[in-house]
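Presented below is the structure to which this report refers.
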Amino acid sequence: MTIEIAIILTPFIMAALIPLFYRRLQRSFIGWVVLVVPVSLFLILTTYIPHIANGKTVSHTFEWIPSFNINFTTYIDGLSLIFSLLITGVGSLVILYSNFYLSMKESLHHFYCYLLLFMGAMLGVVFSDNLMVLYAFWELTSVSSFLLIAFWHHRKASRAGARKSMTITVSGGVAMLVGFLMLYTMSGTFSIREIIADVNQISEHALFIPALVLILLGAFTKSAQFPFHIWLPDAMEAPTPVSAYLHSATMVKAGIYLVARFTPVFGGEMVWFWAVTGVGLMTLFWGSFNAVRQYDLKAILAFSTVSQLGLIMSLLGLGSAAVHLGYSTSSIIYTQATFAALFHLINHSTFKGALFMMVGIVDHEIGTRDIRRLGGLMSILPFTFTIALIGCFSMAGLPPFNGFLSKEMFFAAAVTITELDIFSIENIGIFIPIIAWVASILTFVYCVIIVSKTFFGKIKPDVAEKNPHEAPFGMLISPFVLIGLVITIFFFPNILGEYILRPAMASVYPTFPVAEMTPHIHAWHGFNIELYMTIGVIVLGLLLYRYMKYWIKIYRIFPQYWTLNAMYERIISSSENMSENMTKRYMNGNLMHYFIYIYISFVVIVAGTFLLLEAFTWNPSLDAPVENFELLLIFVMIFASFALLFAKSRITAVLLNGVLGYGIAFFFVIFRAPDLALTQLVVESVTTALYLLCFKYLAELKPEQSSKRVKVSNGLISILVGSTVTLIGLAVINYEKFESISTYFEDSYKLAGGKNIVNTILGDFRAFDTMLEVVVLFIAGLGVYTLIKLKAAKKGDADT
Amino acid sequence: MKINDVILRTVVKGVVFIILTLGVYLFFSGHNAPGGGFIGGLVLGSGIVLLYITYDLETVHRKMPFDFKKVAGLGVLLATGSAIGAIFFDAPFLSQTDAYFTFPVIGEKHLTTVTIFEAGVALTVIGTLVTIILSISEDE
Amino acid sequence: MESLIMILIGVLVTVGTYLILSRNLIRVILGTAVLSHAVHLLILTMGGLKKGVVPLLSQSEGPFTDALPQALILTAIVISFATTAFLLVLAYRTYKTNGSDDLQELRGMSDE
């Protein structure tokens, strides 16, 4: 067990331990105990930084299912280290924050259990080198996200949001799985590193583009890219710490991770460039456009997260152009987009995490998140106001905060790409900086909305009545740490660039020299086009905010019927209806029909196969000789079975069934099976007694009431089934393609120390069957007992 | 279920003894001759059921104070336990072993761990059989 | 012999199937019992009939009848006993609760 595997497993182990000890612990302690996990993991992971920064990687393989090429390979390089630091770092802050945010009355053990589950799964995603293992962890993040969104499961909106996120992300995940399998078919390996190493061999394969599209589907659904972003705003039903953690800082970045991870594989393709850039830009615009019109603070942040994820995604798309061009001194500039993407990824986690926590505090102290009911909180919540101000300025891209740096780099990358003349960028490339710029203006507008509507203006009377006050100190620690980072990163961005981002660049561009790809980040680089764009954003943004009431009407132009959400709802409800109607058609509650389905499929499939293969043969010459009394026995049994069909009373029927049973016992004697004969005799007697005992409570047999048509068709089906069995039996009985395994058991005395071969098979060779059979018998006995006693217990209810 | 019949009772007394002896014999002869856990259990179980049918519940219960559900449970435990037991001797799950031992009075005997497994099977069969029949007949 | 037994099995399966397709609960249970008789016989016949002596090493030197089908049937007999018992009790509880043993009448509501 290496440290890397231990890192992944620790959260899972802790999650498994919580149910065991939470009862013994004071409720307020659970969170503190849990906090130890991410903090220690974060500290352990920071020790990897120097090692990774030197350009080394850490990898360890644990053979899991080697026959399927599925190994539990952990791989830590620059890219996975960034994500793992985010996961554990933000995780620590979020758990610290939840200790103060969540009421002690909540089911805290569930909450922390799910949260740890998520943390482990997410670490698994970023550390796995094996595609199958990555996929398993990937889906586990969806599951834990589902559980966390539905944490307040008594609320309908929570359940709906959880279901929506699950449906969308898991469908994307399944598409991704198919893409992974295609990659496996092409390359013969599940290891990402090996696939990257022989990308030249597979890039001409016919499945290459389908695999690319399917894997992107997985990444886009997870990272809430247009048009799959609709789940993210609904996921805001989760407790705010969860939104801060999963739905802004970590889980939604898994898609980003995947795209970055696969850039060396697919980056050279035009489809990749336009899909990632185009979808990213569309998401960037659509998210910021929708954020402006929201009233709920969390909804604004949700759409803003969607938009920022689009920004990072589009940067990764822009950066993939460098993979296509290959290494040269002129192509190195295009890698800067990816650098900006990774840089903004970290920045976004810091300021968005702080903003979510800020909203949590407002919600916690004031009791509402609706900006129409908020206002003037600056004087009541001065610290929270500071957090909001810095977070929003950073998000809007203003100095002196880290968002400014990455946004400038984003503009620079968007402008630079227009100089290329590949992928038809020369024709439509000019739209890239334009969309980026428009979206940034809208981003600026909603940032102003968050700050001004919440903290400026007059306090609403119903808020003032409650006499709210600033949040407790503990709740402010986490957002202040994040805000501190926002400012620190602005002033010392190159430390981050040198130690964290540079090794990650090496993972995305394995064929490029690392030193040349790491820029020296400057806050000030003269009056250039990026700076003019930023100034334009501020001026236009302020103007738009000032005259909002004149243009806000454009949101009403688009008909509600055609929104993505409405379409999603229609698809879901119509597919539900369709499946219900279909099920109702054949699951009509009539047992007879179900049996008919089974029998007819049996006859059609089995007899049909035999007919097709012309396998019905009959060779009576090998038969054993027949004695007279055996003929008599067969005749008696056939007679008894027909008589059973026409039995008028149930006693007759049971006795006839007994005749059949004893007849079988006779056959067992004739066919040299003494154990069977004994057992059959006793069982038949006991069964008959059981029938008679139960008849005390059951009604007398009534003549069959079905119509003649039903009877005839049932008879036909029965004859078909019976003759199929006979014909197959006759065809199969002399079939000797394989050697019989029975001779093995004849050594039973030597192998098992018993001289009764049947019994040694039961007790020794095939004891598994016997053991499970005993269990079945026991369960049946318990079932009988429960059925009877349960009724006795409920009798009182039934009478009334 | 109370049947007042002296003849029946007298006959059953003898018959049940024979049945139970037969059951035990079948159980032990199983490894080398027809018989074994199932059939032994079934015969013993039906003998016990016969007792219950002839005498009333209380009388039999006084003489045999078993909860037959627990007997069945014990049987399952014994069967699975003997299976798991093999693991502790570094043998695969469900491995059985056998050996010859010499005892003071009865002489050399062939003992095998299958007997434990078979006893589990027999107890389960007895317990389940009696539980089923008893719970049906006790029902009002 | 095998051919004759196969025909007997076919008859038993036919009868069992017809009983299972009945509307009456008791007939359905009897049908399953008849069907399991047929299956036991089928498994035994598949091993070949009268091809050897009783599979007891203490009795003779062989050749022995195929012992594996016998072991499988022994398991099957006990399982079918257990299921029959369970079905019987289920039937009489159903009858007591719903007052009917007609499967047509016992159908679930259509809007369930």
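What you see is a predicted model; the values in this text were computed from it and never measured. Every chain is numbered from 1, with letters handed out A, B, ... down the list of sequences.
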Contact class of Ala640(A) relative to chain C, heavy atoms under 4.5 angstrom: neither
Side chain, backbone, both or neither of Ile664(A) within contact of chain C (heavy atoms, under 4.5 Å): side chain
Atom group of Leu35(C) that falls short of 4.5 Å from chain A, counting heavy atoms: side chain
Which atom of Leu690(A) lies closest to which atom of Ala85(C), heavy atoms considered: CD2-CB, 3.4 Å
Expected output: side-chain Thr726(A) to main-chain Met6(C) donor-acceptor under 3.5 Å: yes
Exercise: identify the closest heavy-atom pair between Ala71(C) and Ile761(A): CB-CG2, 3.5 Å
Residue Thr45(C) versus chain A: region with a heavy atom under 4.5 Å: both
Chain A contact via Leu41(C) - which portion, at a heavy-atom distance below 4.5 Å: side chain
Chain C contacts, top residue of Val710(A), Asn714(A), Val725(A) (heavy-atom pairs, under 4.5 Å): Asn714(A)
Main-chain N/O of Leu787(A) paired with Arg93(C) side-chain donor or acceptor, under 3.5 Å: yes
Val721(A) vs Thr14(C) side-chain heavy atoms within contact, under 4.5 Å: no
Most contacts with chain A, counted as non-hydrogen pairs under 4.5 angstrom, among Asp66(C), Leu74(C), Ile79(C), Leu42(C): Leu74(C)
Residue pair Tyr92(C) / Cys694(A): nearest heavy atoms and the distance that separates them: CD2-SG, 4.1 Å
Most contacts with chain A, counted as non-hydrogen pairs under 4.5 angstrom, among Thr83(C), Ile9(C), Leu44(C): Leu44(C)
Any Val34(C) side-chain heavy atom under 4.5 Å of Ser641(A) side chain: no
Non-hydrogen side-chain atoms of Phe639(A) and Val11(C) separated by less than 4.5 Å: no
Leu21(C) versus chain A, the contacting section by heavy-atom distance below 4.5 Å: both
Within-4.5 Å side-chain heavy-atom neighbours: Phe667(A) and His37(C): no
Any Phe64(C) side-chain heavy atom under 4.5 Å of Ile757(A) side chain: yes
Heavy-atom proximity to chain A below 4.5 Å, by part of Ile20(C): both
Side chains of Leu631(A) and Met1(C) in contact at under 4.5 Å (non-hydrogen atoms): no
Backbone of Arg672(A) reached by a side-chain donor or acceptor of Gln70(C) within 3.5 Å: yes
Any Tyr691(A) side-chain heavy atom under 4.5 Å of Ile26(C) side chain: no
Residue among Thr65(C), Ile77(C), Thr84(C) with most heavy-atom pairs under 4.5 Å to chain A: Ile77(C)
Any Thr687(A) side-chain heavy atom under 4.5 Å of Leu88(C) side chain: no
Segment of Leu72(C) engaging chain A (4.5 angstrom heavy-atom cut-off): side chain
